[in-house]
Enquirer: 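The structure follows.
All residue numbers in this chain count up from 1 along the given sequence.
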Amino acid sequence: MSTGQRAFGQAIVIGGSIAGLLSARVLADHFEKVVILERDPLPDGPEPRKSAPQGRHVHALLEAGLKVMEDLFPGLVQELERDGVDFIDMGLESSWFHHGSWKVRYESGIRTILCSRPHLEWKVRGRVTALPQVQLREGYTVEELLTDGSRERVTGVKVKGPDGAQTLQADLVVDASGRGSRAPQWLEALGVGPPEEEQVGVDSAYTSRFYERPAGFDDWKILAVYARAPENRRSGFVANVEGNRWIVSLNGYFGDHPPTDDEGFLEFARGLPVPHIHEAIRQARPLTQAVTYKMPASRWLHYERVARLPEGFVLLGDSVCAFNPLFGQGMTVISLGAQMLGECVAKQARSTPGDMRGLSRRFQKKLSGLIGLCWFLATTMDLRYPQARGKRPFGLGLLQWSVMNLIDLTSMDQKACQEFYKVLHMRGGLEVLLQPRLALSLLGYSLKSLFVPLERRANVTAPPPRPGQPAPGRDERLDTAA
């Protein structure tokens, strides 16, 4: 219970990842004290965390997520730029082979950053832990939830830490512990049934390493190659990051996983749908050993449907939904989810200060609406593979055909590409794609696709140059094997 100017007393955040840090930041505006409990020791600098193996691989922060970061941490983007992080225009400075065709290149006004996950997390952690209301405790594992006598309200947690077992009281407990969350077991111990689980399995794995960024690659700042299902299973990314480096991540589905040895890594890159990543890295100097992260399935736990979800307990981030990293949605959904949590707590503070009743269910329901669009976009594409495991709703085939036609259209039509980017970067929902001009263009293109081969209606051959630069010749590095 609050005793000061803020509406609530103590909040506990389980997990010191991006999700936990952003949750602590928004809660610090409304709680007198916010305690972050992190199981593992945290690095002093921008190094990967033991409990976040995915941190060694390429990460995307879409425009909507970047805006949340800017709002929560004024000056963060400028600080990152001083560290050598690129702030890019998505349409102008990316070269993207997207499910079989090259995106058009133009100045889109849609901006994002290219930064390694450990560097971004280090900067955010520094900002959050500098807040006087926030305390970060390392080496603490949450054993169970504490509740009131009715078991309908969470009142704190039981933890095991450097000083042994202890209990911590809280007005609100946030589970941001990630994919390994023990919330289903905790709720079962309280007599609450486990949440419904939705999965789409593609047996995916990433293998990544850092390279010294070579001279002569000025046409793009990120190069992305996505497989076209069901013919191809391999994807890859090369992105500028701080320290004048590239991070290179290769991905394969259904057991076709990139190896970690030098020769195998390059050979896997040679087998991508187009040769441009292989041509970029074959002469570049590796700075690190390649490491692999496996992601068997996307998973969504529907806590918004749990009938007796206790008060004083909310979940966000990978604890709720772990997306396929190929689609780059995770950190943005986490950022927007944290912002949403802050808005829900602010509303609660205005209406019933000191009383958290109703917050848990209201937040989880709102979060599910945010997750739904991203889940739809990602799983629709993954389910194009016959081997993919997951529920296939009625009409999925027609939907997938329409989405693929839209993607192919964006290789030829700048306006269509701009609307696609708006949805991708979460400037708007699917209603953006229903605007009359785009709908008519897509209808005409879809009819054309019934009669005209892909190579005659989409750019499947050569990446467009950055506007204002000449098209690369056949003898130039990126088109050597085109």
Side-chain angles (χ1 to χ4, degrees), residues 18-19 22 59-69 90 96 98-99 103 108 110-112 195-200 202 226 229 295 297-305 314-344 362-384 388 390-407 409-410 416-435 438-439 442:
I18 286 285
L22 296 183
H59 275 70
L61 184 63
L62 305 178
E63 185 186 65
L66 181 61
K67 286 184 174 180
V68 173
M69 295 274 192
M90 186 68 189
W96 191 1
H98 193 207
H99 299 299
K103 287 275 185 287
S108 67
I110 295 176
R111 310 299 296 271
T112 188
E196 296 177 32
E197 183 172 347
E198 203 171 342
Q199 284 199 14
V200 173
V202 291
Y226 279 59
M295 180 79 171
S298 304
R299 185 209 64 185
W300 185 2
L301 298 176
H302 288 277
Y303 286 101
E304 78 281 2
R305 300 176 187 171
V314 298
L315 309 94
L316 79 165
D318 285 5
S319 298
V320 177
C321 187
F323 293 96
N324 182 346
L326 182 69
F327 299 98
Q329 303 160 312
M331 285 205 302
T332 300
V333 173
I334 285 169
S335 301
L336 292 169
Q339 181 185 60
M340 189 177 288
L341 176 62
E343 292 168 352
C344 287
R362 183 164 60 251
F363 171 70
Q364 298 302 155
K365 185 174 181 179
K366 288 191 69 174
L367 183 64
S368 71
L370 168 65
I371 291 171
L373 172 62
C374 296
W375 181 264
F376 166 80
L377 292 173
T379 59
T380 294
M381 301 310 295
D382 276 346
L383 288 170
R384 293 189 72 232
K391 182 180 178 182
R392 288 172 165 81
F394 178 76
L396 178 64
L398 178 60
L399 176 64
Q400 291 169 333
W401 177 70
S402 299
V403 171
M404 284 307 304
N405 282 327
L406 173 62
I407 289 172
L409 177 61
T410 62
C417 192
Q418 181 71 5
E419 300 309 311
F420 174 83
Y421 279 145
K422 286 180 182 178
V423 175
L424 178 68
H425 286 263
M426 304 183 77
R427 282 192 180 183
L430 292 176
E431 70 278 357
V432 171
L433 303 179
L434 300 178
Q435 297 178 56
L438 178 57
L442 180 58

Enquirer: Which value, rounded to the nearest 0.5 Å, describes the distance between Leu336 atom CG and Leu22 atom CG?
Expert: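 Result: 10.0 Å between the selected atoms.
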Enquirer: Only counting residues at least two apart or in another chain, list the ones meeting ring pair (Phe, Tyr, Trp, His ring centres under 6.0 Å) with Trp300.
Expert: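 So Trp300 forms a ring pair (Phe, Tyr, Trp, His ring centres under 6.0 Å) with His302, Trp375.
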Enquirer: Under a 4.5 Å cut-off applied to non-hydrogen side-chain atoms, are Asp382 and Phe327 in contact?
Expert: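 Yes; the side chains approach each other to less than 4.5 Å.
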Enquirer: For Tyr226, give me all partners under ring pair (Phe, Tyr, Trp, His ring centres under 6.0 Å), at least two apart in sequence or on another chain.
Expert: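 Ring pair (Phe, Tyr, Trp, His ring centres under 6.0 Å) check on Tyr226 returns Trp96, His98, His99, Phe237.
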Enquirer: Looking only at heavy atoms, what is the nearest atom pair of Ser108 and Gln418, with distance?
Expert: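 Scanning both residues completely, I find the closest heavy atoms to be O-NE2, 3.0 Å.
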Enquirer: Which value, rounded to the nearest 0.5 Å, describes the distance between Thr379 atom OG1 and Phe323 atom CZ?
Expert: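 If I round to the nearest 0.5 Å, the distance is 9.5 Å.
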Enquirer: Check whether Gln329 reaches the backbone of Cys374 with its side chain - one donor and one acceptor, N or O, closer than 3.5 Å.
Expert: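 Checking the backbone N and O of Cys374 against the side chain of Gln329, a donor-acceptor pair under 3.5 Å is found.
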Enquirer: Where do Gly65 and Thr332 come nearest, in terms of heavy atoms and distance?
Expert: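 Nearest pair, atom of Gly65 first, then Thr332: N-CG2, 3.4 Å.
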Enquirer: Does the side chain of Ile407 reach to within under 4.5 Å of the side chain of Met381, using non-hydrogen atoms?
Expert: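 Yes, their side chains come closer than 4.5 Å.
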Enquirer: Which residues pass the salt bridge (Lys or Arg N to Asp or Glu O under 4.0 Å) test with Arg305, sequence neighbours left out?
Expert: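 Arg305: salt bridge (Lys or Arg N to Asp or Glu O under 4.0 Å) contacts with Glu196.
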Enquirer: Where do Arg384 and Ala229 come nearest, in terms of heavy atoms and distance?
Expert: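 Result for this residue pair: NH1-O, 2.6 Å.
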Enquirer: Kindly indicate whether the side chain of Leu61, heavy atoms from C-beta on, has any atom under 4.5 Å from the side chain of Ser335.
Expert: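 SC-SC contact between Leu61 and Ser335 confirmed.
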Enquirer: With sequence neighbours left out, write down each residue that passes salt bridge (Lys or Arg N to Asp or Glu O under 4.0 Å) with Glu343, or none if nothing qualifies.
Expert: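 So Glu343 forms no salt bridge (Lys or Arg N to Asp or Glu O under 4.0 Å) with any residue.
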Enquirer: With a 4.5 Å heavy-atom cut-off, do Leu442 and Leu433 have their side chains touching?
Expert: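 No. Closest side-chain heavy atoms not under 4.5 Å.
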Enquirer: Is any side-chain heavy atom of Leu377 closer than 4.5 Å to a side-chain heavy atom of Leu430?
Expert: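 A side-chain contact exists here, since the closest heavy-atom pair is under 4.5 Å.
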Enquirer: With heavy-atom distances below 4.5 Å as the criterion, would you say the side chains of Leu367 and Tyr303 are in contact?
Expert: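 A side-chain contact under 4.5 Å is absent here.
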Enquirer: Let's go through Lys391 and Leu383 carefully: what are the C-alpha distance in whole Å and the side-chain angles of both, what is the deciding distance for side-chain contact (heavy atoms from CB on, under 4.5 Å) to 0.1 Å, and is it a yes or a no?
Expert: CA-CA 9 Å; Lys391 182 180 178 182; Leu383 288 170; over 6 Å; no
Enquirer: Not counting sequence neighbours, which residues clear salt bridge (Lys or Arg N to Asp or Glu O under 4.0 Å) with Glu419? List them please.
Expert: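 By the salt bridge (Lys or Arg N to Asp or Glu O under 4.0 Å) rule, Glu419 matches Lys422.
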Enquirer: Tell me if a side-chain donor or acceptor on Arg299 pairs with a main-chain N or O of Asp318 at a distance below 3.5 Å.
Expert: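 At least one qualifying donor-acceptor pair exists.
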Enquirer: Distance from Met69 atom CE to Met331 atom CE, nearest 0.5 Å?
Expert: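 Rounded to the nearest 0.5 Å, the CE-CE separation comes out at 6.0 Å.
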Enquirer: According to salt bridge (Lys or Arg N to Asp or Glu O under 4.0 Å), who are the partners of Arg427, at least two apart in sequence or on a separate chain?
Expert: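 Arg427 satisfies salt bridge (Lys or Arg N to Asp or Glu O under 4.0 Å) with Glu63 only.
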Enquirer: Given side chains that start at C-beta, do those of Leu370 and Met426 come closer than 4.5 Å, heavy atoms only?
Expert: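 Yes, side chains in contact.
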Enquirer: Hey, are the side chains of Thr410 and Tyr421 touching, using non-hydrogen atoms and a 4.5 Å cut-off?
Expert: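 No, every pair of side-chain atoms sits at 4.5 Å or beyond.
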Enquirer: Might you point out which heavy atoms bring Thr380 and Leu396 nearest each other, and give the distance in Å?
Expert: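 Shortest heavy-atom separation between Thr380 and Leu396 comes out as CG2-CD1, 4.3 Å.
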Enquirer: Can any side-chain N or O of Glu431 pair as donor or acceptor with the backbone N or O of Gly429 at less than 3.5 Å?
Expert: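 Between the backbone of Gly429 and the side chain of Glu431 there is a qualifying donor-acceptor contact (under 3.5 Å).
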Enquirer: Drop me the distance from Gln364's CD to Leu301's CG, to the nearest 0.5 angstrom.
Expert: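 It comes to 10.5 Å.
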Enquirer: How far apart are the closest heavy atoms of Gly328 and Leu62, and which atoms are they?
Expert: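 So the minimum-distance heavy-atom pair works out to O-CG, 3.7 Å.
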Enquirer: When you look at Leu316 and Phe363, which way does the side-chain contact (heavy atoms from CB on, under 4.5 Å) test go after all the steps?
Expert: CA-CA 10 Å; Leu316 79 165; Phe363 171 70; 4.2 Å; yes
Enquirer: Output the distance between atom CG (Leu409) and atom OG (Ser402), rounded to the nearest 0.5 Å.
Expert: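 One finds 12.0 Å between CG of Leu409 and OG of Ser402.
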Enquirer: How far apart are the closest heavy atoms of Ala297 and Gln199, and which atoms are they?
Expert: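 Taking Ala297 first and Gln199 second, the nearest heavy atoms are CB-OE1, 3.6 Å.
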